[in-house]
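Written below as structure tokens is the structure these notes are about.
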Amino acid sequence: MFVCGSQPRSLSSAPRSCRKNLHDGPISEYNLYDASRVQGGDKSFMSAMEMIQAWFHTLVVAISQFFNDHEDEIHKFFSNMAIWLQHFVASMRTFIAERPREFRIVGIIAVVAITLAVIVPQALMYFLQAIGFMAHGVTEASTAAAYQSARLGGAIAKGSWFAFAQSTAAGGRCMKILPWPVTFLALALLAVGVAFILVTRSS
């Protein structure tokens with residue numbers, strides 16, 4: 001007969017009522033379930049870390065050796081790239097200077113389109129979030145919540161500015177906070193459009 005707390009030959013040989021103690025109790029000589037698994041997991045983790053460290057060291061050494069063996073070729077490549085970039089910029093300046101009216105129109109269209117399609121909606125979304133309009137609704141203890149409690153109560157008229165703000169913040173009008181790479185690209189294109197306008201205005 002097996003008594004709970006004694007040492008079983010295996011986990012399966014212990015009665016079902018005693019297995020919980022074997023699982024939950026501290027690691028000891030009669031807890032056959034945890035000790036070997038913990039030790040084996042630690043060894044596997046350390047082996048994996050050593051393998052990653054060795055692979056990373058090999059990669060760093062290989063890259064360093066490559067740059068040392070091809071130092072002259074790499075320097076020549078970047079020198080040629082710098083010369084090509086200078087020629088490209090000079091050619092673009094000449095090309096734009098010969099067509100000031102066309103590029104001024106392009107710049108104006110780019111500025112207006114990006115402002116209306118990206119800058120204004122993003123500014124509106126950030127403003128709505130700042131005063132308490134979020135995707136899940138009005139934030140508690142916000143400016144919008146205080147206004148709703150003081151002026152509107154529980155009734156929000158359809159078509160009102162408050163309903164419009166709630167719908168816009170929830171993405172109901174296809175307005176959402178864009179990822180930062182998209183916003184950065186839009187700002188870069190906006191800067192290019194402004195540059196076109198400024199460069200061609202003096203021509």
Side-chain angles (χ1 to χ4, degrees), residues 52 55-56 59-60 63 66-67 70 73-203:
I52 294 174
W55 177 84
F56 184 75
L59 179 64
V60 171
I63 294 175
F66 175 82
F67 276 95
H70 302 83
E73 290 87 344
I74 294 173
H75 178 73
K76 183 178 179 180
F77 171 78
F78 282 105
S79 297
N80 292 335
M81 284 293 296
I83 295 172
W84 177 86
L85 185 60
Q86 290 176 354
H87 286 302
F88 176 78
V89 172
S91 299
M92 286 301 299
R93 285 179 177 176
T94 304
F95 185 78
I96 294 173
E98 292 173 352
R99 300 164 179 82
R101 184 172 178 274
E102 291 83 353
F103 277 94
R104 189 181 302 114
I105 294 174
V106 170
I108 293 173
I109 292 174
V111 169
V112 173
I114 295 174
T115 300
L116 294 179
V118 179
I119 305 301
V120 172
Q122 292 301 292
L124 177 61
M125 290 295 292
Y126 281 115
F127 173 75
L128 291 177
Q129 290 186 356
I131 62 176
F133 291 99
M134 308 296 288
H136 54 78
V138 177
T139 304
E140 186 179 357
S142 64
T143 303
Y147 180 87
Q148 181 182 10
S149 177
R151 298 292 183 89
L152 302 178
I156 300 175
K158 183 178 180 181
S160 63
W161 75 267
F162 200 92
F164 171 83
Q166 283 185 310
S167 176
T168 302
R173 300 180 184 277
C174 299
M175 291 187 186
K176 293 183 179 180
I177 297 296
L178 297 175
W180 70 263
V182 178
T183 304
F184 179 80
L185 179 60
L187 292 176
L189 293 176
L190 181 64
V192 171
V194 173
F196 281 165
I197 296 174
L198 294 178
V199 169
T200 57
R201 188 175 62 176
S202 60
S203 301

*Might you confirm whether atom CD of Glu73 has over 12 heavy atoms from other residues, nucleotides or ligands at distances under 6.0 Å?*
yes

*Partners meeting ring-ring contact (aromatic ring centres under 6.0 Å, His included) with Phe66 (sequence neighbours left out)*: His70

*Tyr147 atom OH, neighbour heavy-atom count above 12 within 6.0 Å*: yes

_Atom pair CD1/CD of Ile96 and Glu102 - distance to nearest 0.5 Å_ = 11.5 Å

_From CD (Gln166) to OG (Ser160), nearest 0.5 Å_ = 8.0 Å

_For the student: nearest non-hydrogen atoms of Ala157 and Ala163, plus distance_ = O-CB, 3.7 Å

_For a quick test of reading the model, state the closest non-hydrogen atom pair linking Ala110 to Gly193 and the distance between them._
CB-CA, 4.3 Å

*Measure the spacing between OG of Ser167 and NZ of Lys158 and express it to the nearest 0.5 Å.*
11.0 Å

_Give me the atom names and distance for the closest heavy-atom approach of Ala145 to Thr139._
CB-O, 3.3 Å

_To the closest 0.5 Å, what do you measure between CD1 (Ile197) and CD1 (Ile109)?_
10.0 Å

*What's the shortest heavy-atom distance between Met125 and Thr168, and which atoms?*
SD-O, 3.6 Å

Could you tabulate the donor-acceptor pairs under 3.5 Å formed by side-chain atoms of residues 76-95, not counting sequence neighbours?
unit_1	atom_1	unit_2	atom_2	d
Ser79	OG	His75	O	2.9
Asn80	ND2	Lys76	O	3.2
Ser91	OG	His87	O	2.9
Thr94	OG1	Ala90	O	3.0

*Closest approach of Pro121 to Thr115 (non-hydrogen atoms, all atoms of both residues)*: CD-O, 4.1 Å

*Working to the nearest 0.5 Å, report the span between CG of Leu187 and CD1 of Ile114.*
8.5 Å

_Mutual orientation of the aromatic rings belonging to Phe133 and Trp161 [parallel < 30°, tilted 30-60°, perpendicular > 60°]_ = perpendicular

*Would you indicate whether the side-chain heavy atoms of Val138 and Phe162 approach each other to under 4.5 Å?*
yes

